[in-house]
Amino acid sequence: MNTKQMDYLIETAKTLNLSRASENLFISQPALSYQIKIIEEEMGFSVFERVGKSIRLTPAGSQFILSLNRIRKELQDAIEQAQNLGDRYQDNINIELFHRTALIYLPQAIQIFEENLPHIQVTPELLSITDSIAQLLKRELDVIILPKTEADKVSNIQQWPLYDSQIYLLCQQSDSLAKLDLVTEENLTGRTLLVNGGSSKTLRQVQQRVLSHVPIAHYNSPSHDYTLIQVASNKAICLSPGYLNDHSQTFAWIPFDCPEYFDMVLVTRKDETRTPIAQLVTILQELYSKSPLNL
């Protein structure tokens, strides 16, 4: 099956209308029907079943289209990455940035790196912690940034110190708490605290200590983005690690009085020997060491 045939199946599954799909694909309806028939004969199962003048996906077809969409996207991504490399670059380094301070320092690092090594491209990826670890081990990523507590769970890696990320009280800029230089547990009395179900063990410890020490309401938040919406709606406040701060000034991030923090590290595979990756790591370490931001 070629890419054009993939597109025939995907578009037909999207519209479930041969006439509309053929228009969108810029081919005739008989030609589309013929192509689908050839594909189904080649694969040995029906993707679509005809019901009167309509079509619908078979159970096997539904599952196949889900996989085909993923394959098609991965193929397109691979083509685009190869096009980006082109004749200009001899190598590529894939780096993940799940934490938001990377939106500030990674572009600077890329600029410095490519000024020194213009023949090597640095490609950023936006992934969750779990996905980034999996892709590093599968050699689909070269460098990732993790809290050390997460990195310590992974074998066959090398850790490079980056920075310490503190815990902050996150609220609206207009909130009275935003005027403080340091927020204590007592300052949160009578407020509503968002507790993220996906929080790390370190952050959960801080949250639970606050809930046990001061009279404060709370409710659960499934994700950090959900939390941001609730804070923006003035429904609650939250405690958050500084590595999630995008420094856009949308919210106030006030240092919270607690001993806990997140030790952030850069991670590469243990058997990684490419000198340019070590150079990129050094550039990032220098940028973070000189950072004037509250991290």
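Since the model is a prediction, treat every value here as computed from it, not as a measurement. The analysis underlying the following values was restricted to heavy atoms, covering all of them including side chains, and did not include hydrogens, waters or symmetry mates.
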Worksheet entry | Enclosure of Tyr219 OH (heavy-atom neighbours >12, cutoff 6.0 Å) | yes

Worksheet item: Remaining members of Leu182's ILVMFWY cluster at a side-chain heavy-atom cut-off under 4.5 Å?
Response: none

Fill in: Expected output: side-chain Gln5 to main-chain Ile39 donor-acceptor under 3.5 Å
no

Fill in: ring pair (Phe, Tyr, Trp, His ring centres under 6.0 Å) partners of Phe262, counting only residues at least two apart
Tyr243

Item to complete: Could you tell me whether the side chain of Glu96 and the main chain of Glu125 form a donor-acceptor pair under 3.5 Å?
Response: no

Worksheet item: For Lys270, what residues pass the salt bridge (Lys or Arg N to Asp or Glu O under 4.0 Å) criterion, not counting sequence neighbours?
Response: none

Discussion item. For a quick test of reading the model, state the closest non-hydrogen atom pair linking Ser221 to Leu194 and the distance between them.
Written reply: CB-CD2, 3.9 Å

Discussion item. I'd like to know if the side chain of Thr58 and the backbone of Ser46 have a donor-acceptor N/O pair within less than 3.5 Å.
Written reply: yes

Discussion item. Apply the hydrophobic cluster definition, ILVMFWY joined by side-chain contacts under 4.5 Å directly or through others, and give me every member besides Val51.
Written reply: none

Worksheet item: Does any non-hydrogen side-chain atom of Val47 lie less than 4.5 Å from one of Ile36?
Response: no

Discussion item. Tell me which pairs pass salt bridge (charged side-chain N to carboxylate O under 4.0 Å, His left out) where either residue lies in residues 12-35, with sequence neighbours left out.
Written reply: Glu11-Lys14

Practice prompt. Return yes if some donor-acceptor pair links the side-chain N/O of Thr15 with the main-chain N/O of Asn17 below 3.5 Å, else return no.
Written response: yes

Worksheet item: Got a donor-acceptor contact below 3.5 angstrom from the Gln35 side chain to the Tyr8 backbone?
Response: no

Worksheet, complete the sentence: Nearest heavy-atom approach of Ser22 to Leu32 is N-CD2, 3.7 Å

Worksheet item: For Gln63, does the CD atom sit with more than 12 other heavy atoms under 6.0 Å from it, leaving out its own atoms?
Response: no

Fill in: Donor-acceptor pair between Thr250 and Ser248 side chains, under 3.5 angstrom
yes

Fill in: Nearest heavy atoms of Val183 and Leu177, plus distance in Å
CG2-O, 4.3 Å

Practice prompt. Check for a donor-acceptor pair, side chain of Ser165 on one end and backbone N or O of Gly242 on the other, with a separation under 3.5 Å.
Written response: yes

Worksheet entry | Polar side-chain atom of Glu260 near backbone of Val206 as donor-acceptor pair, under 3.5 Å | no

Discussion item. For Arg56, is the CZ atom crowded, meaning more than 12 foreign heavy atoms sit under 6.0 Å from it?
Written reply: no

Discussion item. Just so I know, are the side chains of Val195 and Leu211 near enough to count as touching, which here means a heavy-atom distance under 4.5 Å?
Written reply: yes

Worksheet item: Restricting to pairs with a member in residues 161-175, which pass salt bridge (charged side-chain N to carboxylate O under 4.0 Å, His left out), not counting sequence neighbours?
Response: Asp175-Arg191

Worksheet item: What distance do Phe256 atom CZ and Ile237 atom CD1 have between them, rounded to the nearest 0.5 Å?
Response: 8.5 Å

Worksheet item: With a 4.5 Å limit on heavy-atom distance, are the side chains of His247 and Ile104 in contact?
Response: yes

Discussion item. Could you check whether any side-chain N or O of Thr189 sits under 3.5 Å from a backbone N or O of Glu186, counting only pairs where one atom can act as donor and the other as acceptor?
Written reply: yes

Worksheet item: Are Leu9 and Ile71 joined in one hydrophobic group, where the rule is that I, L, V, M, F, W and Y side chains link up if heavy atoms are under 4.5 Å apart?
Response: yes

Worksheet entry | Leu137 CG to Ile157 CD1 distance, which is reported to the nearest 0.5 Å | 8.0 Å

Pair up each side-chain donor or acceptor in residues 275-287 with any protein partner under 3.5 Å, not counting sequence neighbours, and list the distances.
{"residue": "Thr282", "atom": "OG1", "partner": "Ala278", "partner atom": "O", "Å": "3.0"}
{"residue": "Gln285", "atom": "NE2", "partner": "Pro161", "partner atom": "O", "Å": "2.8"}

Fill in: Counterpart residues, salt bridge (Lys or Arg N to Asp or Glu O under 4.0 Å), relative to Glu40 (two or more places apart)
Arg50

Discussion item. Between Thr123 and Asn92, is there a side-chain donor-acceptor contact under 3.5 Å, judged purely by atom types and distance?
Written reply: yes

Worksheet entry | Any residue meeting side-chain hydrogen bond (donor to acceptor under 3.5 Å, both in side chains) with Gln166, in chain and number order, not counting sequence neighbours | none

Discussion item. Is it the case that the side chains of Ser291 and Tyr105 hold a donor-acceptor pair, with the cut-off being a distance below 3.5 Å and no angle test?
Written reply: yes

Item to complete: Could you tell me whether the side chain of Asn69 and the main chain of Ile65 form a donor-acceptor pair under 3.5 Å?
Response: yes

Worksheet entry | Sequence-distant partners of Arg139, salt bridge (Lys or Arg N to Asp or Glu O under 4.0 Å), two or more places apart | Asp271

Worksheet item: In chain order, what residues pass the ring pair (Phe, Tyr, Trp, His ring centres under 6.0 Å) check against Phe64, with sequence neighbours excluded?
Response: Phe45

Response to the item:
salt bridge (Lys or Arg N to Asp or Glu O under 4.0 Å) filter on Glu272, not counting sequence neighbours, yields Arg269, Arg274

Item to complete: Evaluate the side-chain proximity of Val143 to Ile93: yes if any heavy-atom separation is below 4.5 Å, no if none is.
Response: yes

Practice prompt. Can you measure from CZ (Phe48) to CG (Leu18) and round to the nearest 0.5 angstrom?
Written response: 7.5 Å

